[in-house]
Participant: 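To start, I am sharing the structure in question, which I have written as C-alpha cells.
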Amino acid sequence: MSFKTTCPYCGVGCGIEISRSGSNLKLTGDKASPVNQGMLCIKGQTLLETVGTDEDRLLSPSIGSWDETIHTIRDHFLTTPKHEIALYLSGQMLMEDLYVAKKFADSFGIKNIESNSRLCMYSTVEANKRAYGADIVPVSYDDIYLAETIFIIGSNTADCHPIVFNHVRKSKAFVVCVDVYETTTAKQADLFIQVEPGRDMALIDDLVNQPWFKDKKTLSIYSQGLTQSTDATDKVNALINAHIYTGNINKPGCGVLSLTGQCNAMGGREIGVRTGDLTATEFFSTDQIKVLWVMATNPAHSMINYRKIDTLIVSDFTKTLTTQDADIVLPACSWSEKTGHQKNSERRYLEQNAFLPPAGESRPDWEIICLVAKSLGLKGFDYQSAAEIWYEMDIDDHWAPQIKVDEIPVVIKPTDRTYGQSVNNGRLLAQWHSMSRTQKSKTLNKLTKQHPDSVSIHHVTNTELFKNKTVELDKYSKQPCFKG
Ligand code: SF4
C-alpha cells in the first residue's frame, strides 16, 4: 500500500511517496510530482527518522486534561483585554490551520495575529504590491529550464532549497551568484560576484548594463539574503525594476522568483495573517502583549522579549526552547499525523496526508483552535475534518506556470546607508530552523559538522571584532570564525 504526501520543510514543496509493508514504512521521492520528479534532498530523505515518539515528543497538555486546559485558556482570553492578546503562527502550519486561526482571531476580535513568515517574506509582499499591483509570484520552476541566465542573489540555493538548485544545475542556463560568502551555490556558479554585506544595491542597480543580464532571457532567484535587511523592500523592487527595464518580465524564462523558507509561508500570505493593530516592530517587541499563543514555531530565537509575557501558551509537537518557558503547552500533531494543504514557492497547492495516527493525545492545530473557539461560545468551529475546512475555504487551486503582471517601476530613493557590524546568518543543508525536527535524525546530525561554540562573522566589515581573536575556518561552511 502506498500513498502520497509533501515534505514539510522548505518552500520547494517536494512530493513524497510512503509505502507500507506490515509495520515497515518506506519513503521515496514522488516521481510523478511536477515539483521534484522523484528527487529529495537529505532532509526529505531522512524524514522517517523524525516521526513517531521520542522523549521530547509532547503527548498530553502540560497542565491537566484537555478539558481543564481549554477551560484555563478560555479564562485567560476572557479576562484579558483583546488588544493585549496575540496569536503567533507559522509557515509550518497548513492552509486549514491558518484559515481557522484567522477565522478565530476575527470572530473573537484579536487584531494581533502574526506569523513567523513576517520575518522573511513581507518585504517581498510589499515589493510585489508596488511593482505588480498585487502580491503575485509570476514565475515558476518551469522558467528555470527556459532561462538563458539565472541570477541568484542572497540565496544559498544549493543548501537551502536543494531541489530547486538541482533544477538549476540540470538547466543549460549561465548561472551568476551574488553573495557575501563563497557558498556552496557560489562554488557551482559560472560567475560568482562577492559583495560586502549591505553593498548589493549598487550591484543590482548596475544589472541593466550587464550583457549576461540585459541581453539574455534572465530569471532572478532570491531569498532571505535580500529580504532580511533594513532596506529589503527597496532591494526587491530594484531587482524587479531591472527586469522591467530590460524586458525580462512577462515572458517564459524571465522574471523574479522568491524562494520561500517554509513549506506554507505562501499560504500565510494568501490568508492574510498580519497584525492589524500593532506594527511588526511593536508586535515583536511584545510590550503590549500579555497573553501570547504561539503555534508551530520557536520564537526563543526571534522574539527575544517573549519571556516578559504574562501568559505564554505554546502548541507544538515536540519540546523546544519556547515550550520550556511556556505556562501552558498543548500537544499538536506532527507532519506524519496531519492532513491538509500547503502552498509552495511557485504557488502550487500541495497535499499533506497523515500516514500515522496522532501520537498520545496530540491534535491537529485547527482542532485545538476550534476547541478554544467553542469554549468561548464562538459559532462556526464545528469542523469534523480538514477536508471540511478546505471545502469552506473554496480556493481555486488551478495552477499556471506563468502569470502576467503589471510592470510598475518603483522609484527607489537613495538612502545614506552606514554600515557597521553585519550579521549574516546562513542555513545548513542538513538542519532546519531551530532543529526541533531535524535534530531527531541521526543521519542529519552526523552530517552537521558545526562548531557549537563558534560564530561566523564577516571578516571584512567586522575587522574590529576579529582583532586579537584566533581565527579559523569553520569545517562545514569554510568561513572564517572565531571561538567564544
Ligand atoms: S528541497 Fe525542501 S521540500 Fe524538497 S526535500 Fe528538501 S527540504 Fe523537503
Side-chain angles (χ1 to χ4, degrees), residues 117-139 143 147 149-157 176-180 191-251 254-261 265 269 274 279-281 345 403-424 458 460-461:
S117 314
R118 165 70 82 137
L119 300 168
C120 48
M121 299 210 58
Y122 277 76
S123 41
T124 293
V125 171
E126 289 311 308
N128 286 350
K129 284 183 185 166
R130 296 200 298 190
Y132 309 142
D135 179 25
I136 298 167
V137 176
V139 293
D143 289 291
T149 294
I150 295 178
F151 176 66
I152 302 176
I153 181 164
S155 163
N156 182 7
T157 322
V176 181
C177 174
V178 176
D179 214 312
V180 294
L191 173 63
F192 169 48
I193 305 171
Q194 188 163 18
V195 288
E196 288 180 30
R199 316 269 169 157
D200 39 7
M201 190 62 121
L203 188 137
I204 297 170
D205 285 344
D206 192 47
L207 288 174
V208 293
N209 300 314
Q210 298 297 333
W212 45 259
F213 189 97
K214 70 181 172 82
D215 299 335
K216 302 288 178 188
K217 286 195 283 179
T218 299
L219 177 74
S220 290
I221 295 177
Y222 70 90
S223 191
Q224 276 79 339
L226 206 63
T227 58
Q228 287 186 325
S229 60
T230 47
D231 48 1
T233 307
D234 281 351
K235 282 184 188 173
V236 177
N237 274 122
L239 182 60
I240 298 173
N241 282 353
H243 278 260
I244 294 173
Y245 295 144
T246 58
N248 266 309
I249 192 166
N250 283 326
K251 288 189 293 208
C254 301
V256 178
L257 174 66
S258 61
L259 295 177
T260 52
R269 266 156 83 164
R274 186 174 185 154
T279 63
T281 310
S345 295
I403 297 177
K404 292 270 184 235
V405 285
D406 291 344
E407 298 177 25
I408 310 164
V410 173
V411 178
I412 312 286
K413 290 193 198 116
T415 51
D416 287 333
R417 295 183 181 86
T418 50
Y419 300 100
Q421 288 161 5
S422 302
V423 178
N424 284 280
H458 198 273
V460 175
T461 48

Participant: Distance from Ile150 atom CD1 to Asp143 atom CG, nearest 0.5 Å?
Facilitator: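 Here the rounded value is 9.5 Å.
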Participant: Between CG of Leu226 and CE of Met201, what distance do you get to the nearest 0.5 Å?
Facilitator: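 That separation rounds to 8.5 Å.
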Participant: May I ask you to test the Asn248-Phe151 pair for a side-chain heavy-atom distance under 4.5 Å?
Facilitator: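 They are not in side-chain contact.
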Participant: Would you say Thr227 and Ser123 are linked by a side-chain donor-acceptor pair, where the criterion is simply a distance under 3.5 Å?
Facilitator: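 There is no such pair (donor and acceptor under 3.5 Å, judged by atom type) between the side chains of Ser123 and Thr227.
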Participant: Do Gln210 and Thr149 have side chains that get closer than 4.5 Å, going by heavy atoms?
Facilitator: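 Not in contact.
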Participant: Using side-chain heavy atoms (C-beta onward) and a distance below 4.5 Å, is Val137 in contact with Ser258?
Facilitator: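 Touching, per the 4.5 Å side-chain cut-off.
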Participant: If you measure from the Lys or Arg side-chain nitrogens to the Asp or Glu carboxylate oxygens, is any gap between Glu407 and Lys251 under 4.0 Å?
Facilitator: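 Between Lys251 and Glu407 there is no salt bridge, as every charged N stays at least 4.0 Å from the carboxylate O atoms.
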Participant: Which heavy atom of Thr157 sits nearest a heavy atom of Ser155, and at what distance?
Facilitator: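 For Thr157 and Ser155, the tightest heavy-atom pair comes out as OG1-OG, 2.7 Å.
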Participant: Asn237 and Ala127: which non-hydrogen atoms are nearest, and at how many Å?
Facilitator: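 Shortest heavy-atom separation between Asn237 and Ala127 comes out as ND2-O, 3.1 Å.
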Participant: Taking the side chain as C-beta and beyond, is there a heavy-atom pair between Leu239 and Leu207 under 4.5 Å?
Facilitator: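 Counting from C-beta outward, Leu239 and Leu207 do come under 4.5 Å.
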Participant: Determine the minimum heavy-atom distance between Trp212 and Thr218, stating which atoms define it.
Facilitator: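 Shortest heavy-atom separation between Trp212 and Thr218 comes out as O-OG1, 3.7 Å.
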Participant: With a 4.5 Å cut-off on side-chain heavy atoms, are Arg130 and Thr233 touching?
Facilitator: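 Yes. Closest side-chain heavy atoms under 4.5 Å.
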Participant: Would you mind reporting whether Phe213 and His243 have side-chain heavy atoms less than 4.5 Å apart?
Facilitator: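 Side-chain contact under 4.5 Å: yes.
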Participant: List the atom of Ser345, the atom of Leu257, and the distance in Å for their closest heavy-atom pair.
Facilitator: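 That would be O-CD1, 4.1 Å.
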Participant: Supply the atom-to-atom distance Lys404 NZ to Ile249 CD1, rounded to the nearest 0.5 angstrom.
Facilitator: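 Result: 10.0 Å between the selected atoms.
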Participant: Grab the two heavy atoms, one from Ala265 and one from Met121, that are nearest each other, plus how far apart they are.
Facilitator: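 Smallest interatomic distance, heavy atoms only, reads CB-SD, 3.2 Å.
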Participant: Quick check for you: to the nearest 0.5 Å, what is the distance between Asp206 atom CG and Lys214 atom NZ?
Facilitator: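 The distance works out to 11.0 Å.
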Participant: Which heavy-atom pair separates Arg269 from Asn128 by the least distance, and what is that distance?
Facilitator: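 That closest heavy-atom pairing would be NH2-ND2, 3.5 Å.
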Participant: Hey, is the main chain of Val410 close enough, under 3.5 Å, to the side chain of Asn241 for a donor-acceptor pair?
Facilitator: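 Checking the backbone N and O of Val410 against the side chain of Asn241, a donor-acceptor pair under 3.5 Å is found.
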Participant: Roughly how far, to the nearest 0.5 Å, is the CG atom of Asp205 from the OH atom of Tyr245?
Facilitator: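 Interatomic distance, Tyr245 OH to Asp205 CG, rounded to 0.5 Å: 9.5 Å.
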Participant: Check whether any side-chain heavy atom of Val139 sits under 4.5 Å from a side-chain heavy atom of Leu219, and report yes or no.
Facilitator: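 Answer yes - side chains close enough.
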Participant: To the nearest 0.5 Å, tell me how far Asn156 CG sits from Ser223 OG.
Facilitator: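 If we round to the nearest 0.5 Å, Asn156:CG and Ser223:OG are 9.5 Å apart.
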Participant: With respect to Val195, which candidate in Asp179, Ile153, Val180, Ile204 satisfies the side-chain contact (heavy atoms from CB on, under 4.5 Å) definition?
Facilitator: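 When Asp179, Ile153, Val180, Ile204 are each tested with Val195, the side-chain contact (heavy atoms from CB on, under 4.5 Å) holds only for Val180.
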